[in-house]
Amino acid sequence: MIDLAALVALRAVDTHGSVVAAADALGFTPSAVSQQVKRLERQVGIPLLERVGRGVMLTHAGRHLVEEGSRLLADMESLESGLHAQATTVAGRLRLTAFSTAMRGLIAPVAGNLRTVHPDLALTLSEREPWDTIDLVATGHSEIGVVHSWGDVPLSIPDHLVTTEVHRDIADVIAHRDHPLAQLAKVTPHDLVAEDWIATPEGTICRQWLNRMYAGTGRLPRIAHVSMEFDSHLALVRAGLGIALVPRLGRAELGEDLVAVRVVDPVPTREILALHRRTMAASPAVTAVLAALVAQNSTDQNSAEASD
């Protein structure tokens with residue numbers, strides 16, 4: 001009989017490219033993952049991994065086992081979700097992966113509330129970029145993912161994943177209070193063509209959106225400094241080194257030195273989406289987490305309206 005846990009370990013090696021990376025994704029030690037794969041090889045009587053240089057890759061038999069076994073794992077996941085649905089039990093362990101600002105502004109309060117309301121449900125949280133999150137959920141290494149999609153910047157999501165919009169976020173231009181932009185109620189990209197930007201690295205979704213925002217100007221944003229974290233953007237703007245486009249979700253307090261200026265034509269808007277596999281659609285635990293994320297969005301919107 002094929003050990004399903006060992007099959008999961010083999011699939012993780014295939015997905016992440018090494019035993020060490022698979023162990024990190026699964027929360028095991030590399031030794032434990034190696035032992036699981038070796039146990040699987042003994043069960044089927046065929047080598048499933050082969051060494052290539054300093055790394056490993058799946059043999060032809062190993063790839064066949066992963067491809068066919070993935071359908072088996074999906075069926076087992078669907079069966080388990082159905083059983084939990086019949087028992088209406090919000091329990092077990094779910095791995096939730098999200099990007100940094102969602103982790104701060106959305107996931108943290110939701111996770112705290114869920115622990116109180118559903119004490120038998122354990123969430124394991126991991127912070128990753130959207131593309132990594134989609135891959136982790138698609139390959140069974142995370143049960144729920146939270147990603148962001150900016151305007152018309154494409155985000156490729158496999159067909160076997162279900163998406164739920166849980167938040168709609170807006171970004172503002174952040175300028176130092178002494179900057180001329182800080183005196184304006186709103187700006188368009190045409191007002192920003194001569195500005196120095198603090199931006200995320202090339203290739204990130206936020207950087208792609210910033211570039212597209214400039215489409216009607218005939219120019220590209222002038223990038224002066226690059227930083228991955230929005231908290232660093234705020235610090236650099238505070239030091240007078242440029243302006244930044246920073247989403248409201250999870251944004252730190254601006255304090256007296258920084259001003260948020262609305263952007264129009266277009267308004268920088270991003271959808272915050274929760275992802276899960278279709279095989280987990282019946283899971284009460286997944287349903288409870290999604291409902292909590294949507295409810296948190298409603299609470300945040302009501303608070304924002306009350307403060308306007």
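No continuous path of ILVMFWY side-chain contacts below 4.5 Å connects Leu136 to Val8, so the two sit in separate hydrophobic clusters. A single hydrophobic cluster is not seen to contain both Val267 and Ile205; linkage of ILVMFWY side chains at heavy-atom distances under 4.5 Å, directly or through other members, places them apart. Residues Leu249 and Ile174 fall into different hydrophobic clusters, defined by Ile, Leu, Val, Met, Phe, Trp and Tyr side chains chained together at heavy-atom separations under 4.5 Å. Cluster membership for Val146 and Val286, using ILVMFWY side-chain heavy atoms within less than 4.5 angstrom, is shared. Hydrophobic clustering (ILVMFWY, side-chain heavy atoms < 4.5 Å, transitive): Met280 and Val110 are in one cluster.
Side chains of Val33 and Val20 form no contact here, defined as non-hydrogen atoms less than 4.5 Å apart. Looking at Leu192 and Pro221, their side chains never come closer than 4.5 Å, going by heavy atoms from C-beta outward. Two residues are said to be in side-chain contact when any heavy atoms from C-beta on lie closer than 4.5 Å; Pro268 and Pro247 fail this criterion. Between His233 and Arg251 there is no side-chain heavy-atom pair separated by less than 4.5 Å. A heavy-atom distance below 4.5 Å is found between the side chains of Leu106 and Gln296. In this structure the side chain of Val137 never reaches within 4.5 angstrom of the side chain of Ile144, judged on heavy atoms. Ile157 places a side-chain heavy atom less than 4.5 Å from the side chain of Ile134. Contact of the Arg262 side chain with the Asp172 side chain is registered, since non-hydrogen atoms from C-beta on lie closer than 4.5 Å.
Under the side chain to side chain contact (heavy atoms under 4.5 Å, CB included) test applied with Ile243, the options Val261, Leu181, Val187 reduce to a single match, Leu181.
Side chain of Arg11 to backbone of Leu65: no donor-acceptor contact under 3.5 angstrom is found. The closest donor-acceptor contact from the side chain of Glu50 to the backbone of Met57 lies at 3.5 Å or more, if one exists at all. In this structure, Arg222 contributes its side chain and Ala194 its backbone to a donor-acceptor pair below 3.5 Å. Looking at Gln43, its side chain never comes within 3.5 Å of a backbone N or O of Ile2 through a donor-acceptor pair. Without hydrogens or angle criteria, His160 side chain to Ala138 main chain gives a donor-acceptor distance under 3.5 Å. Distance alone, capped at 3.5 Å, places no donor-acceptor pair between the Arg115 side chain and the Leu123 backbone. Of the possible donor and acceptor atoms, none in the side chain of Ser227 sits under 3.5 Å from a partner among the backbone N and O of Ser232.
Look at Asp257 and Arg177 and you find a salt bridge, because one of the NZ, NE, NH1 or NH2 atoms lies within 4.0 Å of a carboxylate O, short of that distance.
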>> Applying side chain to side chain donor-acceptor pair (under 3.5 Å) to Thr124 and Arg93, what does each step give before you reach the verdict?
In response: CA-CA 7 Å; Thr124 300; Arg93 180 173 295 277; 2.9 Å; yes

> So Thr188 and His190, side chain to side chain donor-acceptor pair (under 3.5 Å) or not? Walk me through it.
Replying inline: CA-CA 5 Å; Thr188 72; His190 290 277; 5.6 Å; no

> Going through the distances and angles, do Leu155 and Trp131 end up as a side chain to side chain contact (heavy atoms under 4.5 Å, CB included)?
Replying inline: CA-CA 8 Å; Leu155 189 63; Trp131 294 291; 4.2 Å; yes

>> One pair to check against side chain to side chain contact (heavy atoms under 4.5 Å, CB included): Leu290 and His276. What are the steps and the verdict?
In response: CA-CA 10 Å; Leu290 294 178; His276 68 277; 3.8 Å; yes

>> Run the side chain to side chain contact (heavy atoms under 4.5 Å, CB included) test on Glu195 and Val173 for me, step by step, so that the C-alpha distance in whole Å, both residues' side-chain angles and the decisive distance to 0.1 Å come before the verdict.
In response: CA-CA 11 Å; Glu195 299 296 333; Val173 164; over 6 Å; no

>> Set out, in order, the CA-CA distance, both residues' side-chain angles and the distance that settles side chain to side chain contact (heavy atoms under 4.5 Å, CB included) for Asp231 and Arg104, then state yes or no.
In response: CA-CA 11 Å; Asp231 282 355; Arg104 292 195 297 270; 4.0 Å; yes

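In this structure, Arg278 CZ and Asp159 CG are separated by 7.0 Å, a value rounded to the nearest 0.5 Å. Rounded to the nearest 0.5 Å, atoms CZ (Arg277) and CG (Leu275) are 10.5 Å apart. Note that the CG atom of Leu121 and the CG atom of Leu94 stand 5.5 Å from one another [nearest 0.5 Å]. Atom-to-atom distance recorded for Ile198:CD1 and Leu236:CG is 5.0 Å, nearest 0.5 angstrom. The CG atom of Leu125 sits 8.5 Å away from atom OG1 of Thr97, with the distance rounded to the nearest 0.5 Å. Rounding to the nearest 0.5 Å places CE of Met103 at 10.0 Å from CZ of Arg128.
Of all heavy-atom pairs between Met228 and Pro201, the closest is SD-CD, 3.5 Å. Contact between Ala292 and Leu114 at its shortest, heavy atoms only, is CB-CD2, 4.0 Å. In plain terms, the two heavy atoms of Ser100 and Glu127 that are nearest each other are CB-OE2, 3.3 Å. Contact record, Ile223 with Ala199: CD1-CB, 3.8 Å, taken as the closest heavy-atom pair. Taking both residues in full, the closest heavy atoms of Arg95 and Gly140 are given as NH2-O, 2.9 Å, listed atom of the first, atom of the second, then distance. Here the shortest heavy-atom pairing between Trp150 and Ala171 reads CH2-CB, 3.6 Å.
Around atom CD of Glu256, no more than 12 heavy atoms belonging to other residues, nucleotides or ligands sit under 6.0 Å away.
Taking the six-membered ring where tryptophan is involved, the planes of His148 and Phe99 are perpendicular, since the angle between them exceeds 60° and thus also 30°.
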